[in-house]
Amino acid sequence: MLVLQAALLLLALPSHAEETPTEEPGALLPPPKGPCSGWMAGIPGHPGHNGIPGRDGRDGAPGEKGEKGDAGLIGPKGDTGETGVIGAEGPRGFPGIPGRKGERGEGAYVHRSAFSVGLETRVTVPNVPIRFTKIFYNQQNHYDGTTGKFHCSIPGLYYFSYHITVYLKDVKVSLFRNDKAELFTYDQYQEKNVDQASGSVLLHLGVGDQVWLQVYGNGDHSGLYADNVNDSTFMGFLLYHDIVESS
C-alpha cells in the first residue's frame, strides 16, 4: 500500500525537462499553481489514541410489556408483626345450624309422696306389720293405717326412718320391703328406765312395692311403747322420682 502511494506521488511531480523561469535576485517567487503543486506526501503517521467517551444519550422510548415470568421460590416466613388495632364490629351473621336435641328434662309437675305416723298403744304381737295409727302427715294416702304398710305409687328413691321408745322389754325391729328384711335394730331394755332406738335407710322402689316395720323374734322383744308423753314414730318420703322416657 505504501509503495502504491509513493508511485502516485512521483507521477504527480513536474518533469526536469520543463523550462523554469529565470529567477532574478531578490525577486519574489510566485506561489505555486494549485493547492498541491510541488507537495510531497510523507510516511503515514501512527493511529491516534482513543477519544474521551461521549455523553450518555437520551432515554429511549418505552418498549412493549413483556410476558409474565415464572413464579419465584417461596421465601422464609417473616417475623410476627405487632397486633393491629381492633376493628369495628362486623354485620350480624346468618343463624347457625341447630344443635342436637338435649336430654329430656323433668316435667313441670312436682311428684310428691310422704308420710309421718306414730304409735298410739303398746305393740305386743311379733312378726306382723306394726300399725302406726297416729297420723302426722299422709296427704297422698300412700300409707295405709289399716295394714301399717306404705304403698309405692311413684317409682324413685325414698328415705325411711323410725324412732322407737323402748320400755318394759327388749326391742328387735326390722324394716321390710316386699317380705324381705332390709334393716335391723336391737335395743336392750334397762330396768326402771325408758330407752330410745332408731334407724334410717335409702331404698329405690318401683310401683307396687311395700315397706313396713315389724317386731321379729318371739314376744320377748316387743318392747315398743307409746303414751301421752312418749312417742314411737315411722316416716318416709320421695327424694327423686324416676324419669320415664316417652315413646
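- For the atom pair N178 CG and K149 NZ, the distance stands at 9.0 Å (nearest 0.5 Å).
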Considering only distance and modelled atom types, tabulate donor-acceptor pairs under 3.5 Å from the side chains of residues 112-122, sequence neighbours left out.
unit_1, atom_1, unit_2, atom_2, d
S113, OG, H142, ND1, 2.6
E120, OE1, T133, OG1, 2.5

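- Taking every heavy atom of both residues into account, D187 and Q196 meet most closely at OD1-O, 3.6 Å.
- With rounding to the nearest 0.5 angstrom, the CZ atom of R131 is 9.0 Å from the CG atom of D144.
- Y159 is connected to L157 through a chain of hydrophobic side-chain contacts under 4.5 Å among Ile, Leu, Val, Met, Phe, Trp and Tyr, so both are in one cluster.
- Defined by atom type and a distance below 3.5 Å, a donor-acceptor pair is missing between the side-chain atoms of S200 and Y162.
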Practice task
Determine, stepwise, if the pair V215 / V171 fulfils side-chain contact (heavy atoms from CB on, under 4.5 Å).
Solution key: CA-CA 8 Å; V215 175; V171 167; 5.9 Å; no
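- Between F160 and F150, the gap from one ring centroid to the other is short of 6.0 Å.
- No more than 12 heavy-atom neighbours from other residues, nucleotides or ligands sit within 6.0 angstrom of OH on Y167.
- At a threshold of 4.5 Å between side-chain heavy atoms, the hydrophobic network of Ile, Leu, Val, Met, Phe, Trp and Tyr places F176 and L183 in two separate groups.
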Practice task
Let me see the working for Y216 and N127 under side-chain contact (heavy atoms from CB on, under 4.5 Å), right down to the final yes or no.
Solution key: CA-CA 5 Å; Y216 67 92; N127 300 317; 4.1 Å; yes
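- Rounded to the nearest 0.5 angstrom, S174 OG and Q214 CD are separated by 5.0 Å.
- Under the 4.5 Å side-chain contact rule for hydrophobic residues, V173 and L168 share a cluster.
- With hydrogens and angles disregarded, a donor-acceptor distance shorter than 3.5 Å links the side chain of N138 to the backbone of Y143.
- Residues V194 and L224 are members of one and the same hydrophobic cluster, defined by side-chain heavy-atom contacts under 4.5 angstrom among Ile, Leu, Val, Met, Phe, Trp and Tyr.
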With a cut-off of 3.5 Å and sequence neighbours excluded, list every side-chain donor-acceptor pair involving residues 69-81.
none

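- Across all their heavy atoms, Q188 and D195 have their closest contact at O-OD2, 3.7 Å.
- We find the CG-CG distance between L202 and L239 to be 6.0 Å, quoted to the nearest 0.5 Å.
- In this structure, Q140 CD and H151 NE2 are separated by 14.5 Å, a value rounded to the nearest 0.5 Å.
- Separation of atoms NZ (K169) and OH (Y189) is listed at 12.0 Å; rounding is to 0.5 Å.
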Practice task
Start with the C-alpha distance between F132 and L213, add both sets of side-chain angles, then the distance that settles side-chain contact (heavy atoms from CB on, under 4.5 Å), and finish with yes or no.
Solution key: CA-CA 9 Å; F132 293 84; L213 284 177; 3.8 Å; yes
Mind listing the side-chain donor-acceptor pairs of residues 226-235 below 3.5 Å, one per line with the distance, residues two or more places apart or on another chain?
unit_1, atom_1, unit_2, atom_2, d
D227, OD1, V229, N, 2.9
D227, OD1, N230, N, 2.7
D227, OD1, N230, ND2, 3.1
D227, OD2, Y225, OH, 2.9
D227, OD2, N230, ND2, 3.3
D231, OD1, K134, NZ, 3.0
S232, OG, T165, N, 2.9
S232, OG, Y225, O, 2.8

Practice task
Please step through side-chain contact (heavy atoms from CB on, under 4.5 Å) for the pair L175 and V201, ending with a clear verdict.
Solution key: CA-CA 9 Å; L175 184 142; V201 67; 4.3 Å; yes
